[in-house]
2 protein chains.
Amino acid sequence: MSGTHTDVPSMVATPLVLPVVADEYEQCPVTDVLRRVGDKWTVLVVVVLGQRPYRFNELHRGIPGISQRMLTRTLRGLEEDGLASRAVFPTVPPSVEYALTDLGRSLLGPLSAVADWAVEHQEQIARSRARVGQERFTAGGVQEPSRIAAPGQ
Amino acid sequence: MSGTHTDVPSMVATPLVLPVVADEYEQCPVTDVLRRVGDKWTVLVVVVLGQRPYRFNELHRGIPGISQRMLTRTLRGLEEDGLASRAVFPTVPPSVEYALTDLGRSLLGPLSAVADWAVEHQEQIARSRARVGQERFTAGGVQEPSRIAAPGQ
DNA sequence: CGGAATCCCAAGCGATACTG
DNA sequence: CAGTATCGCTTGGGATTCCG
């Protein structure tokens, strides 16, 4: 995070001068994009389209759990952001082909980084979740940290 | 999931307190992690904690828009996944320090890849969204692709 | 075939109030 | 200080139906 996109507070807890997003929140572009990526199907669709162009129902069959509605919405989102293209072939019955744009393909790399991380650490995460879940019952005492923080501000 | 044995439910109905999540979709670990990353605050919190450990209210002040509720939930999520640690200092008033674990820090790199991509292409995306938004009204004709797909079957 | 429209439930999230 | 509890609004998303 090369640090220029969001007014993340610097090292010291400063009085905090935020450029106030006066109106509603639009957040930083990172958050914005991340929410796209975080929805249930976008990543999967991008990855599949990363292989080759797909027709609508072909894509539908290629991604088992998805509904037509969500496939359509996801594709519209990608199209709107310029990540995927939509080509309509005026045949009967109509044929529509979706493909990643250059921009869309440029996302594949960064996406893979996170995806690889997820694959690599999935078991560790799963174990952590299980462990924390158990500790809910055993509910031990308070940790004894190596140093004591002075709360006195 | 767990197997091939046909364990016929016996006379006794299983008490079933916990929804043992025979749920159809647990999806792949990638999707699972991506949804965590895709929620509204997780990434921001991870990035901020990536700088140094923070106390709760310090973190609260450091992330302008977030509510206590969502900060708590986000931190609990990170803790559950083993990405962040929570250290309680038995002082008065109490002091709680949050920090990234090694696992959490290992996510910073991959996350940066996507974040940098977002920063780098935010304007292109914004222009695309604006353009598509306009085309909703001008609503042009059908594209004329270079080849004709045979709809076949 | 490739959608759009509608319905409806569940999850995400924010605001507020209360607590140890 | 560091939370928890409750409420209600807003989105996300699945199922179904209809249409060019």
Side-chain angles (χ1 to χ4, degrees), chain A residues 13 21 24-25 27 31-32 34-45 53-77 79 84 86-98 136 139 142-143 148-153, chain B residues 19 21 23-25 27 31-32 34-45 53-77 79 84 86-98 136 139 142-143 145 148-153:
Chain A
V21 218
E24 298 301 317
Y25 60 97
Q27 295 291 354
T31 297
D32 188 37
L34 266 283
R35 282 182 71 82
R36 264 279 156 87
V37 165
D39 74 17
K40 196 171 182 180
W41 301 108
T42 294
V43 171
L44 209 47
V45 171
Y54 274 79
R55 300 241 318 266
F56 185 85
N57 278 332
E58 192 184 9
L59 207 44
H60 194 192
R61 286 185 297 269
I63 304 177
I66 200 172
S67 62
Q68 323 92 317
R69 176 178 139 85
M70 287 316 297
L71 178 55
T72 299
R73 287 175 60 91
T74 301
L75 288 169
R76 289 287 175 278
E79 193 190 354
R86 178 175 181 270
V88 180
F89 297 84
T91 57
V92 283
S95 168
V96 179
E97 189 175 277
Y98 291 92
R136 293 268 161 72
V142 180
Q143 298 92 329
I148 299 297
Q153 175 258 11
Chain B
V21 178
D23 252 349
E24 37 180 311
Y25 75 98
Q27 295 290 356
T31 296
D32 188 37
L34 267 282
R35 283 182 71 82
R36 263 282 157 87
V37 164
D39 73 20
K40 196 171 184 180
W41 300 108
T42 293
V43 171
L44 209 46
V45 171
Y54 274 79
R55 302 237 319 264
F56 185 85
N57 278 332
E58 191 184 10
L59 206 45
H60 193 193
R61 288 186 297 269
I63 304 178
I66 200 171
S67 61
Q68 328 89 309
R69 176 179 137 86
M70 287 315 296
L71 178 55
T72 300
R73 290 175 59 90
T74 301
L75 288 170
R76 290 287 177 278
E79 194 190 355
R86 177 174 180 271
V88 180
F89 297 84
T91 57
V92 284
S95 169
V96 179
E97 189 175 277
Y98 291 92
R136 293 269 161 71
V142 181
Q143 299 92 330
I148 299 297
Q153 63 129 304

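Chain letters run A, B, ... following the sequence lines, proteins first, then strands; residues in each count from 1.
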Exercise. Atom CG of B:Leu71 and atom C1' of C:dG14: how far apart are they, to the nearest Å?
Worked result: 13 Å
Exercise. Between C:dG3, D:dC1, D:dG20, which nucleotide has the shortest distance from any of its atoms to the side chain of A:Thr72?
Worked result: C:dG3
Exercise. Given that A:Gln68 and B:Gly38 both sit by DNA chain C, which one's nearest nucleotide is further toward the 5' end?
Worked result: A:Gln68
Problem set entry | Validation row: B:Val43, A:Thr31 side chains within 4.5 angstrom (heavy atoms) | no
Exercise. Separation of A:Glu58 atom CD from C:dC1 atom P, in whole Å?
Worked result: 11 Å
Problem set entry | Phosphate OP1/OP2 of C:dG14 contacted by B:Lys40 side-chain N/O (<4.0 Å) | yes
For this session: Write down the distance between CZ (A:Arg73) and C1' (C:dT6), rounded to a whole number of angstrom.
Result: 13 Å
For this session: Indicate whether OP1 or OP2 belonging to C:dA4 is found under 4.0 Å from a side-chain N or O atom of A:Arg69.
Result: no
Exercise. When the distance from CG of B:Leu59 to C1' of D:dG3 is rounded to whole Å, what number comes out?
Worked result: 14 Å
Exercise. To the side chain of B:Arg86, which of D:dG14, C:dG3, D:dA2 is closest?
Worked result: D:dA2
For this session: Please name the pair of heavy atoms, one in B:Arg86 and one in B:Val96, separated by the smallest distance, quoted to 0.1 Å.
Result: CG-CG1, 3.7 Å
Exercise. Between D:dC1 atom C1' and B:Glu97 atom CD, what is the distance in whole Å?
Worked result: 14 Å
Exercise. According to a strict under-4.0 Å criterion, is B:Arg76 in side-chain N/O contact with OP1 or OP2 of D:dT4?
Worked result: yes
For this session: In whole angstrom, give the distance that lies between atom CG of A:Asp39 and atom C1' of C:dA11.
Result: 14 Å
Problem set entry | Atom-pair distance (CG on A:Leu75; P on C:dA4), nearest Å | 10 Å
Problem set entry | Gap separating the CD1 atom of B:Ile66 from the CG atom of B:Leu59, nearest 0.5 angstrom | 7.5 Å
For this session: Check for a donor-acceptor pair, side chain of A:Arg55 on one end and backbone N or O of A:Ser95 on the other, with a separation under 3.5 Å.
Result: no
Seminar exercise, completed: d(A:Leu75 CG, A:Met70 CE) to nearest 0.5 Å is 10.5 Å
Problem set entry | Minimum-distance nucleotide (side-chain atoms of A:Phe56 versus C:dG3, D:dA2, C:dC1) | C:dG3
Exercise. Quick one: is A:Arg55 getting a side-chain N or O under 4.0 Å of the C:dC1 phosphate, OP1 or OP2?
Worked result: no
Problem set entry | Pairwise 5' ranking along DNA chain D for B:Arg35 and B:Tyr98, keeping only the more 5' one | B:Tyr98
Exercise. What is the distance from CE of B:Met70 to C1' of C:dG12, rounded to the nearest Å?
Worked result: 7 Å
